[in-house]
Amino acid sequence: MDINLISDTVTRPTPKMLEAMMQAKVGDDVFKMDPTVNELQEKAAKMFGMEDALFFPSGTMANQTAIKLHTQPGDKLICDKYAHVYNYEGGGAAFNSGVTCKLIDGNRGMFTAAQLQEAISGRSDIHVPYSRLVCIENTTNKGGGACWDFSELEKIQKIAKENNLEFHLDGARLFNALVAKNETPKQYGELFDTISICLSKGLGAPIGSILLGSKEHISKALRIRKLLGGAMRQVGFLAAAAVYALDHHIERLADDHLKAQEIGAILKSVSYVTKIEPIETNIIIFYVDKKIGADNFINKMKTKNILLTPMGEGRIRIVTHLDYTNTMHKILLKELKDF
Ligand SMILES: *Cc1c(COP(=O)(O)O)cnc(C)c1O
């Protein structure tokens with residue numbers, strides 16, 4: 001069997017999650033008549049202390065909806081140069097919303113309040129697009145699972161509000177940050193106008209994301225989700241997996257983080273690894289000696305049924321997750337040591 005570490009999206013529903021899906025009460029969610037979807041949305045909104053929530057088929061659609069509801073064509077959104085909304089959503093910000101992205105040159109996907117201040121200062125005449133939205137990503141994906149410092153987020157929020165900017169959190173892996181930093185969903189609910197979270201990453205559901213926000217934002221989101229083709233019918237079968245994930249798969253993220261630390265310790269001890277990014281959650285990014293080469297290393301590991309991802313510029317990524325068992329972990333540690 002493969003030891004698949006390309007992403008935390010490769011998990012399959014556990015027997016108990018499948019059982020919860022099979023038992024789900026469903027209805028037509030386009031008419032808001034799916035009780036399980038309603039339950040999920042209420043549960044998530046309550047968790048974050050936000051007014052409302054909406055279930056989406058993907059994180060990309062949830063983020064793209066948020067961008068659309070906060071902006072007009074010609075506006076500018078501000079994000080880190082590593083941001084998923086800029087790099088990995090197929091150019092959706094431009095295609096769906098007609099906005100440009102102002103990229104901040106941050107550190108592992110995170111920027112400072114001072115950098116935001118600088119990004120929005122300067123000329124403000126008719127030549128310059130309106131700044132409308134600031135997007136944060138926590139944990140950062142391309143930044144290797146890094147977690148923001150909450151006090152910096154508070155400073156950034158203050159600057160955003162002083163300048164009439166909306167504040168969106170791409171929280172695809174927010175629960176990893178909450179577990180790693182011992183923070184609460186409500187802290188984030190208070191800070192952001194909208195938040196997207198993924199159930200299909202570390203939390204192990206097969207599909208699904210949620211967008212959180214005010215009643216007004218979510219009623220706009222409902223229309224946008226429809227026009228993007230994301231209004232679904234008896235989707236309670238999937239919402240049931242999401243409810244199960246929120247109930248049972250949050251605390252266990254600490255296991256993924258511990259395994260990531262143990263992998264990091266081995267990588268630090270072997271001579272062929274030239275650099276490892278700091279490991280804060282379940283993502284490990286490292287570089288191997290140029291004489292070996294990232295692609296070659298990945299191919300060699302593949303012959304041992306260990307799947308890793310190249311991240312460009314010689315970077316290799318490992319992501320730990322729910323389906324990465326203790327047995328697999330022992331095998332991986334040995335293979336990394338013996339390589
Ligand atoms: C995975 C991910 C998303 C959304 O991805 P989908 O595959 O569309 O669900 C958004 N932001 C970040 C940071 C992600 O890692």
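For ligands, and for the atoms within them, numbers begin at 1 and follow the listed sequence.
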Test T194 against H217 for side chain to side chain donor-acceptor pair (under 3.5 Å), laying out the working first. CA-CA 8 Å; T194 49; H217 281 143; 6.0 Å; no
Number the atoms of ligand 1 from 1 as they appear, then name those within less than 4.0 Å of a heavy atom of [X], with their elements.
| X | result |
| --- | --- |
| N63 | 10 (C), 11 (N) |
| A172 | 2 (C), 3 (C), 10 (C), 11 (N), 12 (C), 13 (C), 14 (C), 15 (O) |
| N141 | 13 (C), 14 (C), 15 (O) |
| E137 | 13 (C) |
| S58 | 8 (O), 9 (O) |

So with a 6.0 Å cut-off around CD of E162, is the heavy-atom count from everything else above 12? yes
Side-chain donor-acceptor pair present, N326, K259, cut-off under 3.5 Å: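 Side-chain D/A pair, N326 to K259: present.
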Just let me know how T60 lines up against ligand 1, side chain, backbone, both or neither, with a heavy-atom cut-off below 4.0 Å. both
Check: D170 N/O within less than 3.5 Å of ligand 1 N/O: yes
Decide whether an N or O pair under 3.5 Å exists between S200 and ligand 1.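 The answer is no, given that S200 and ligand 1 share no N or O pair closer than 3.5 Å.
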Does the distance from a Lys or Arg side-chain N to an Asp or Glu carboxylate O, for [X] and [Y], drop under 4.0 Å?
| X | Y | answer |
| --- | --- | --- |
| E262 | K330 | no |
| D193 | K161 | yes |
| K215 | E51 | no |

As a check for students: among K142, R173, H84, identify the option with a heavy atom nearest to atom 12 (C) of ligand 1.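 Heavy atom nearest to atom 12 (C) of ligand 1 belongs to H84.
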E89 touching ligand 1 at heavy-atom level, < 4.0 angstrom: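 It does; at least one heavy atom falls under 4.0 Å.
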How close do I207 and P57 get, heavy atom to heavy atom, and via which atoms? CG2-O, 3.5 Å
Identify the protein heavy atom lying closest to atom 14 (C) of ligand 1, giving its residue, its atom name and the separation to 0.1 Å. K201 NZ, 2.8 Å
Suppose we measure from atom 9 (O) of ligand 1 to each protein heavy atom; which comes out shortest, and what is that distance?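 Closest protein heavy atom to atom 9 (O) of ligand 1: G59 N, 2.8 Å.
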Begin with the C-alpha distance, continue with both residues' side-chain angles, and end with the deciding distance and a verdict on salt bridge (Lys or Arg N to Asp or Glu O under 4.0 Å) for D28 and R233. CA-CA 5 Å; D28 189 339; R233 303 293 180 178; 3.0 Å; yes
